[in-house]
Every structure is written in structure tokens, then in C-alpha cells.
Amino acid sequence: MTGTDEFGFPIARGFPTIDTPGMAQVDLLMVQFYGISLPQMMENAGCALALVARRRYLPGDLADRHVVVLAGFGGNGGGAMVAARRLAGWGAQVSLVPSGSADALKGMPADQCAILKAMGILPGEVPRMPPDLILDGLIGYSLRGAPEGRADALIDWANRQDAPVLALDVPSGFDAINGTPHNPFIRADATLTLALPKSGLQDGGAANATGALYLADISVPPALYRRLAPPLDVPPFLDGDIMRLL
Ligand SMILES: NC(=O)C1=CN([C@@H]2O[C@H](COP(=O)(O)OP(=O)(O)OC[C@H]3O[C@@H](n4cnc5c(N)ncnc54)[C@H](OP(=O)(O)O)[C@@H]3O)[C@@H](O)[C@H]2O)[C@H](O)CC1
Ligand SMILES: [K+]
């Protein structure tokens with residue numbers, strides 16, 4: 001470890017990068033070989049996002065701090081909704097803004113949204129009250145070309161706000177593999193990527209889309225990476241489950 005950043009997160013070097021096929025192999029091995037489920041990984045991802053949000057942007061009393069959570073319909077949205085739950089539990093005022101009708105949510109994102117509804121956090125449109133922080137959970141590593149529709153509009157909205165944007169895994173609209181930004185893409189103040197940095201995010205990505213780059217441990221056993229083709233030699237998260245990479 002080479003010290004900590006200004007928010008107390010250990011600064012790390014030496015983590016290899018991974019591409020989307022590699023990530024897909026990781027997810028498969030996690031579930032099929034280790035029996036670690038996607039909801040378990042999502043819970044680690046969302047809790048880490050909430051911790052970075054609190055320590056980097058919302059120090060002290062969260063009671064009157066307002067966080068807008070932009071949530072897509074995939075795993076990225078699910079992780080952001082876990083963070084929404086944790087931040088609300090710590091006292092923050094959370095506005096949940098899905099990238100489509102919440103009734104159309106399926107699978108884990110639908111489950112996460114149902115929990116938030118039970119907590120009284122109802123999905124809606126972007127709020128008029130300016131937020132202190134925006135969480136970008138619109139699109140992660142499964143980006144398919146330039147953002148369209150509601151995701152496009154919400155990315156533009158977020159980029160126009162004064163509030164900083166903290167992106168989950170990949171700034172939405174940014175291609176995590178070849179490192180190219182589509183139009184539009186989230187101009188993140190910071191990004192928390194998961195498991196390993198995606199190949200397109202090294203040195204902050206072509207357009208410095210990521211802002212500060214953090215890496216969260218979502219409980220992938222280092223031995224799993226040696227099963228990949230080609231095998232990766234990945235150091236364990238010895239100094240904390242959230243590391244500062246850039
Ligand atoms: N092992 C891990 O790293 C884990 C990562 N997690 C998180 O999951 C996402 C990947 O989740 P996935 O469900 O594969 O997809 P995404 O959430 O990245 O994105 C899919 C949604 O985005 C929409 N999309 C895609 N491209 C566009 C576009 N150009 N314009 C508009 N919308 C787009 C897509 O819409 P569809 O119409 O295609 O359905 C989906 O709604 C990863 O990044 C992590 O955040 C897991 O939580 C745990 C393990
Ligand atoms: K994102």
C-alpha cells in the first residue's frame with residue numbers, strides 16, 4: 001500500500017485490468033464454481049458505493065443531505081439502489097430516478113426497488129430541489145452503443161447539475177473496454193469500479209470520464225482469477241475493501 005487518499009482510502013497499485021468477456025467469465029465462475037450469487041455481489045457493490053458517497057461527499061450528519069440516484073434496468077441500477085438503501089438508512093434524503101417506468105423493472109433491480117418502496121422511497125422524475133450528490137447507476141459494462149432514450153436524457157441532466165456525480169462501475173455512456181466515450185457520457189467526479197478495473201478505465205479513460213477511480217472488493221476469491229484464460233495474478237484487498245487507483 002502506498003498511503004491513503006484525502007478521504008482515508010488506501011492507495012493501491014498493481015491491480016491488472018479486465019475486459020467484458022473476462023468479467024463475464026468471473027461472474028460465471030463466481031456463481032457456478034463458488035456459489036457466490038449476483039445479489040451477494042450486488043450487495044457488496046452497493047454498500048461500497050454508499051461508503052464512498054458518504055466519506056467523499058457527505059461527511060458528518062446526513063440528515064439534510066439530498067442524493068439523487070439514477071438507476072438503470074440492469075445490474076448497474078440494482079447496485080445503485082442498494083447504495084440508495086444504505087444512504088437512506090444513514091439518514092440521507094434519497095430521490096430514486098429510474099431510467100424508465102419502475103413497473104417495467106424485472107429481476108434484481110425490481111427487488112431492490114421494492115425494498116426502497118417499502119422504506120418509503122418511491123421512484124419518480126428528477127427532483128426540482130438541487131441535489132448534494134448524484135449516483136450514476138444507469139449503465140455499467142453492458143453499454144450497447146451511444147446512450148438512447150431516457151438514459152440519454154438523464155446523462156445530460158446529470159452533466160448539467162452543479163452536484164458531483166459518483167458513477168458505479170463505469171460512467172454511463174463510457175465504453176469500459178476500449179475506453180471511448182459515446183455521446184453523451186457521464187462526466188464523473190469519481191467512479192467506483194468493481195472487482196477489477198475495466199480495461200478502458202486505465203489512466204482515467206480517454207476523456208478522463210472517471211474522475212477519481214476507486215476499486216471495490218465484491219468478494220471475488222483471488223484464486224478465481226487464476227482460472228481465467230489467460231490467468232490473472234490479482235493481489236488480495238489487504239488494506240481495505242475499497243482502494244483508490246487514480
Ligand atoms: N462482477 C461484477 O463486476 C458485477 C457487476 N455488477 C453490476 O452489473 C453491471 C452489469 O449489469 P448488466 O445487467 O449486464 O448491464 P448494465 O446494468 O451495465 O446495463 C444494462 C442496462 O443498460 C441499458 N443500456 C445498454 N446500452 C444502452 C444504451 N446505449 N442506451 C440506453 N440504455 C442502454 C440496457 O437496456 P436494454 O434495453 O439493453 O435492456 C439495460 O437496461 C456492472 O456494470 C455492475 O455495475 C453486478 O451488480 C454484480 C457483479
Ligand atoms: K454507471
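Counting starts at 1 for both ligands and their atoms, in listed order. Note that the structure is predicted; figures quoted are calculated from it, not measured.
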Tell me whether the K ion (ligand 2) has Ile139 as a neighbour, meaning an N, O or S atom of it below 3.4 Å. yes
Would you find a donor on one side and an acceptor on the other, under 3.5 Å apart, between the side chain of Gln40 and the backbone of Ser37? yes
Nearest-contact summary for atom 5 (C) of ligand 1 - protein heavy atom, Å: Leu194 CD1, 3.9 Å
Selected option - heavy-atom contact closest to atom 15 (O) of ligand 1, from Ala216, Ser142, Ala151, Gly74: Ser142
What are the atoms of ligand 1, with element, lying closer than 4.0 Å to any heavy atom of Met41? 48 (C), 49 (C)
Consider every N or O of Ile139 and every N or O of ligand 1, then say whether any pair is closer than 3.5 Å. no
Among all protein heavy atoms, pick the one closest to atom 30 (N) of ligand 1 and tell me residue, atom and distance. Glu148 N, 2.9 Å
May I ask you to check whether Phe237 and Phe15 place their ring centres under 6.0 Å from each other? yes
closest protein heavy atom to atom 45 (O) of ligand 1 is Asn76 ND2, 2.8 Å
Under 4.0 Å, heavy atoms only, figure out whether ligand 1 is touched by the backbone of Ala45, its side chain, both or neither. neither
Do any nitrogen or oxygen atoms of Lys198 come within less than 3.5 Å of a nitrogen or oxygen of ligand 1? no
Protein non-hydrogen atom found under 4.0 Å from atom 39 (O) of ligand 1: no
Measure from atom 43 (O) of ligand 1 to every heavy atom in Val220, Val82, Asp169 and give the option owning the shortest one. Asp169
Check against side-chain contact (heavy atoms from CB on, under 4.5 Å), Asp217 and Leu194: CA-CA 7 Å; Asp217 179 3; Leu194 305 170; over 6 Å; no
For Leu213 and Leu201: C-alpha separation, side-chain torsions, deciding distance, then whether side-chain contact (heavy atoms from CB on, under 4.5 Å) applies. CA-CA 8 Å; Leu213 184 62; Leu201 297 184; 4.3 Å; yes
Answer with yes or no whether the side chains of Thr193 and Asp169 bring together a donor and an acceptor at under 3.5 Å. yes
I need the full list of salt bridge (Lys or Arg N to Asp or Glu O under 4.0 Å) pairs touching residues 120-131, with sequence neighbours left out, sorted by first then second residue. Glu125-Arg150
Check each heavy atom of Asp27 against ligand 1 and say whether those closer than 4.0 Å belong to the side chain, the backbone, both or neither. side chain
Going by a strict under-4.0 Å cutoff (protein heavy atoms only), does atom 9 (C) of ligand 1 have a neighbour on the protein? yes
Does Ile177 sit in a hydrophobic cluster with other residues, and if so which ones, taking ILVMFWY side chains as linked at heavy-atom separations under 4.5 Å, directly or through other members? none
Leu246 vs Tyr214, test: side-chain contact (heavy atoms from CB on, under 4.5 Å). Steps then yes/no. CA-CA 7 Å; Leu246 290 172; Tyr214 292 88; over 6 Å; no
Close N or O approach (Gly145, ligand 1; < 3.5 Å): yes
Please step through side chain to side chain donor-acceptor pair (under 3.5 Å) for the pair Arg65 and Gln93, ending with a clear verdict. CA-CA 6 Å; Arg65 310 302 296 273; Gln93 196 188 342; over 6 Å; no
When you compare the side chain of Ile36 with that of Val31, does any pair of heavy atoms fall below 4.5 Å? no
Hey, does Gly75 come in under 3.5 Å of ligand 1, counting only N/O atoms on both sides? yes
Shortest protein contact, atom 18 (O) of ligand 1 (heavy atom only): Gly140 N, 2.8 Å
Can you check salt bridge (charged side-chain N to carboxylate O under 4.0 Å, His left out) on Glu6 and Arg55, steps first, answer last? CA-CA 10 Å; Glu6 62 270 50; Arg55 277 182 33 195; over 6 Å; no
Can a donor-acceptor pair be found between the side chains of Asp175 and Thr180 at a distance below 3.5 Å? no
Which of the atoms in ligand 1, numbered in the order shown and given with their element, are less than 4.0 Å from a heavy-atom of Tyr141? 3 (O), 10 (C), 18 (O), 42 (C), 43 (O)
Okay, side chain of Asp136, backbone of Leu166: is any donor-acceptor separation there less than 3.5 Å? no
OD1 (Asn76) to the K ion (ligand 2) to O (Leu168), nearest 10°, is 80°
Provide the number and element of each atom of ligand 1 under 4.0 Å from a heavy atom of Pro147. 28 (C), 29 (N), 30 (N)
Specify side chain, backbone, both or neither for Ala146, according to which of its non-hydrogen atoms lie closer than 4.0 Å to ligand 1. backbone
For Met23, the ligand 1 atoms whose distance to one of its heavy atoms is below 4.0 Å: 1 (N), 2 (C), 3 (O)
Quick one about Lys198 and Thr17 (side-chain donor to acceptor, distance below 3.5 Å, no hydrogens or angles considered), yes or no? no
Check whether the side chains of Tyr141 and Asn76 place a donor and an acceptor atom closer than 3.5 Å, and report yes or no. no
Any N/O/S atom from Ala167 (main chain or side chain) under 3.4 Å of the K ion (ligand 2)? no
If two hydrophobic side chains count as joined below 4.5 Å and joins carry through other members, does Leu232 share a cluster with Met41? yes
Rounded to 10°, how many degrees is the angle O/Asp136-the K ion (ligand 2)-O/Val170? 130°
Please find out if the K ion (ligand 2) and some N, O or S atom of Ser172 are separated by less than 3.4 Å. yes
Kindly identify the option in His182, Arg144, Glu43 whose heavy atom sits closest to atom 26 (N) of ligand 1. Arg144
At under 4.0 Å between heavy atoms, which part of Ile218 makes contact with ligand 1: side chain, backbone, both or neither? side chain
Atom indices of ligand 1, in the order listed, that fall short of 4.0 Å to a heavy atom of Phe73: 41 (O)
